[in-house]
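Positions are given from 1 along the sequence.
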Amino acid sequence: MFSAFSERPAVKALGKSSPRGRCAGRLAVAAAVSGLALAGLAAPAIAATVTDTPQYRGGASATLTDLKTYGQAVIREDGVSRRIPAGLFEMSVDNGGTLQTYCVDVNNPTQKDAKYRETPWRGTSLHGNAQAGKIRWILQHSYPRVNDLAQLARKAGAKSLTAEAAAAGTQVAIWRYSDKADVKAVDPRAEKLADYLQRSARSSPEPKASLTLEQPAVAGRAGERIGPVTVRTGADGVTVTPPADSASGVRIVGKDGKPVKAARDGSRLFFDVPKGSPDGTAALEVQASTTVPVGRAFTSETRSQTQILAGSSESTVSAGATAHWAQKGAIPALSAEKNCAERGVDITASNKGDAPFSFSLMGVEHTIEAGTKRTVTIPLQEDQAYDFTITGPGGFQKRFAGVLDCRTEGSAVDVGGKAQPAPAPSPASAGGTSGGGDLAETGGSNATPLIAGIAIVMVVVGGGAVFFLRKKKDPAAPAATAPTAPPAESASSASSPSAPEE
């Protein structure tokens, strides 16, 4: 299942934090490491603990509501044809806003009420897809970005277009590039639009994140300004929320040392830690109201289809960063980022102290010398859930959790031995979602349960780490059943595609 860890030059990492779904199976492991007892990661965390989910690099977080505007399509594979709904989804943004998205992951099921996070293409099924830029072009030149349906129909050579036909044709064209799918729209007008978009598409670059922070984890000595943390956003400005523990005296300041409550793209923020402060950790958050750029990808931790943004209202976006400080010795900063190219998670560790920071991962010893940085790649299997904590000197702890979801195939409900595309939300719930605090309860939805797989104990200087993996059940398991097809006239009740057509 695992290969040895690979090490690469350090890379930039960008964000934090996401809530998780509740899994069907759980695995409890107890281990005593360097005198610290961990029981299934359920023991209360000390004050310095910080949590991260590598999939989320900052930006918008939203809940999938439904397939709102759609038509029908037929997908063909190995001589079998299936009729499926194709069109625009709608998402409700946390703290305000609405998103419209298309699917780029046709062979995965979609769960209604699944939580989604804005994600770079490299952390999704679009990674390594040479046609991903053409998908963005389609989004920029079709519905709903282009809302003049008469003009769009003329370009496509169709007599007319309804919103449903335009959405279906756009989705079909996207699937041809995202999944290399043999798919056609049922409505001839939608099919003409799909053909026109596929034929006309040109490569466009990936859009920038709506909001992110460069260097989501920084470290230094008490009495110094620790950072910088650089704001990257397309918004006019962002508000800065300082550390919650005001009694610590830690302030968020600019490069001039003055307290900062607002910032903009390119602003450099610092944690100003009073001299003599005991070793500790603090966090900041930035938030803005902006439109999310068309073409941004969205992924879910509940094994729900990857989505790509087609339209955005003014929406609330956020990002966070943490700082760790100490008086002497090793002063580590840790961040993580999903790496689909290497099929794993990159852990980037830096050391701002005056002594080496050493730790062991899966039996491999790593040492970060004072003043240096290194990235270690943790290899994972597709659909693997993980939850682990790295502990360092002075009470330092950093926890990471998530699911590796990098492919477009192999996760759909099986019908008669055949993977069933399911682009519309399943009536099954996406599972309970926590507010971000219950990271031990990671995994998939009720429709795609994850079972306990493997636990690996990792020894780290000053403490320990427990690594959880949960393997998704075989989609052909007898308990899995295919949801019924939605009535064509009811967009709000869309669920899963109908039975195969010959």
Side-chain angles (χ1 to χ4, degrees), residues 11-18 53-63 88-102 104 116-124 126-127 132-147 202-216 227-241 252 254-255 260-269 284-299 306-321 335 337-338:
V11 295
K12 284 185 177 180
L14 306 173
K16 78 160 195 172
S17 247
S18 102
T53 49
Q55 284 79 352
Y56 181 46
R57 310 309 301 169
S61 57
T63 301
L88 268 175
F89 290 89
E90 188 171 288
M91 293 188 187
S92 176
V93 180
D94 296 353
N95 299 316
T98 301
L99 306 178
Q100 292 175 301
T101 62
Y102 287 105
V104 289
Y116 277 81
R117 296 284 193 173
E118 186 179 337
T119 307
W121 287 0
R122 65 181 176 272
T124 75
L126 293 175
H127 82 94
K134 292 185 176 180
I135 296 172
R136 190 190 180 201
W137 186 97
I138 291 170
L139 294 165
Q140 292 173 313
H141 293 83
S142 191
Y143 183 78
R145 176 85 173 203
V146 176
N147 203 31
R202 302 292 183 267
S203 186
S204 294
E206 178 181 2
K208 295 181 180 179
S210 60
L211 174 61
T212 193
L213 293 175
E214 291 181 355
Q215 288 212 101
V229 174
T230 305
V231 177
R232 298 298 180 196
T233 183
D236 293 335
V238 302
T239 58
V240 180
T241 302
I252 304 303
K255 60 182 179 181
V260 173
K261 293 184 178 180
R264 60 185 180 180
D265 182 51
S267 293
R268 289 152 56 95
L269 308 177
L284 70 84
E285 182 182 41
V286 295
Q287 191 174 91
S289 180
T290 187
T291 55
V292 182
V294 167
R296 290 296 291 171
F298 282 77
T299 57
T306 300
Q307 304 281 313
I308 194 164
L309 188 71
S312 168
S313 71
E314 193 80 3
S315 299
T316 301
V317 296
S318 62
S335 62
E337 185 172 16
K338 190 173 169 182

Worksheet item: Quick one: does Q100's side chain have a donor or acceptor within less than 3.5 Å of a partner on P144's backbone?
Response: no
Fill in: Spatial distance of atom CD (Q287) from atom CG (N95) [nearest 0.5 Å]
5.5 Å
Practice prompt. May I ask you to decide whether E337 forms a salt bridge with R122, counting only side-chain N to carboxylate O separations under 4.0 Å?
Written response: yes
Worksheet item: Can you find a pair of side-chain heavy atoms, one from L99 and one from Y116, that are under 4.5 Å apart?
Response: no
Worksheet item: What is the minimum heavy-atom distance between V286 and L284, and which atoms define it?
Response: CG1-CD1, 4.0 Å
Worksheet item: With sequence neighbours excluded, what pairs up with T316 under the side-chain hydrogen bond (donor to acceptor under 3.5 Å, both in side chains) test?
Response: none
Discussion item. When you measure from the side chain of S313 to the backbone of T98, do you find a donor-acceptor pair of N or O atoms at a distance under 3.5 Å?
Written reply: yes
Worksheet item: Any sub-3.5 Å donor-acceptor pair from D265's side-chain atoms to T233's backbone N or O?
Response: yes
Worksheet item: How close do L211 and S318 get, heavy atom to heavy atom, and via which atoms?
Response: CD2-CA, 3.6 Å
Worksheet item: Checking R136 side chain against V294 main chain: does a donor-acceptor pair fall under 3.5 Å?
Response: yes
Fill in: Taking every non-hydrogen atom, the tightest pair across Q140 and S204
OE1-OG, 3.5 Å
Response to the item:
Correct closest heavy-atom pair for V93 and S315 would be CG2-OG, 3.7 Å
Practice prompt. Can you sort out the partners of S289 under side-chain contact (heavy atoms from CB on, under 4.5 Å), two or more places apart, ordered by chain and number?
Written response: E314
Worksheet entry | Point-to-point distance, once rounded to the nearest 0.5 Å, from CG of L269 to NZ of K255 | 12.0 Å
Discussion item. Any heavy-atom pair between the side chains of K261 and V240 that's under 4.5 Å?
Written reply: no
Practice prompt. Indicate the atoms forming the closest heavy-atom contact of M91 with A62, along with that distance.
Written response: CB-CB, 3.9 Å
Fill in: Sub-4.5 Å side-chain heavy-atom contact between E214 and R232
yes
Discussion item. For I308 and T124: C-alpha separation, side-chain torsions, deciding distance, then whether side-chain contact (heavy atoms from CB on, under 4.5 Å) applies.
Written reply: CA-CA 10 Å; I308 194 164; T124 75; over 6 Å; no
Discussion item. Is there a side chain to side chain donor-acceptor pair (under 3.5 Å) between T299 and T119? Walk through the geometry before answering.
Written reply: CA-CA 6 Å; T299 57; T119 307; 2.8 Å; yes
Discussion item. Taking the side chain as everything from C-beta on, heavy atoms only, tell me whether L88 gets closer than 4.5 Å to Y102.
Written reply: yes
Discussion item. Going by ring pair (Phe, Tyr, Trp, His ring centres under 6.0 Å), name the residues that satisfy it together with H141, two or more places apart in sequence or in a different chain.
Written reply: W137
Practice prompt. Run the numbers on V231 and L213 for side-chain contact (heavy atoms from CB on, under 4.5 Å), then give the verdict.
Written response: CA-CA 5 Å; V231 177; L213 293 175; 3.8 Å; yes
Worksheet item: Hey, is the main chain of P228 close enough, under 3.5 Å, to the side chain of Q215 for a donor-acceptor pair?
Response: yes
Practice prompt. Please name the pair of heavy atoms, one in L139 and one in G295, separated by the smallest distance, quoted to 0.1 Å.
Written response: CD1-CA, 3.9 Å
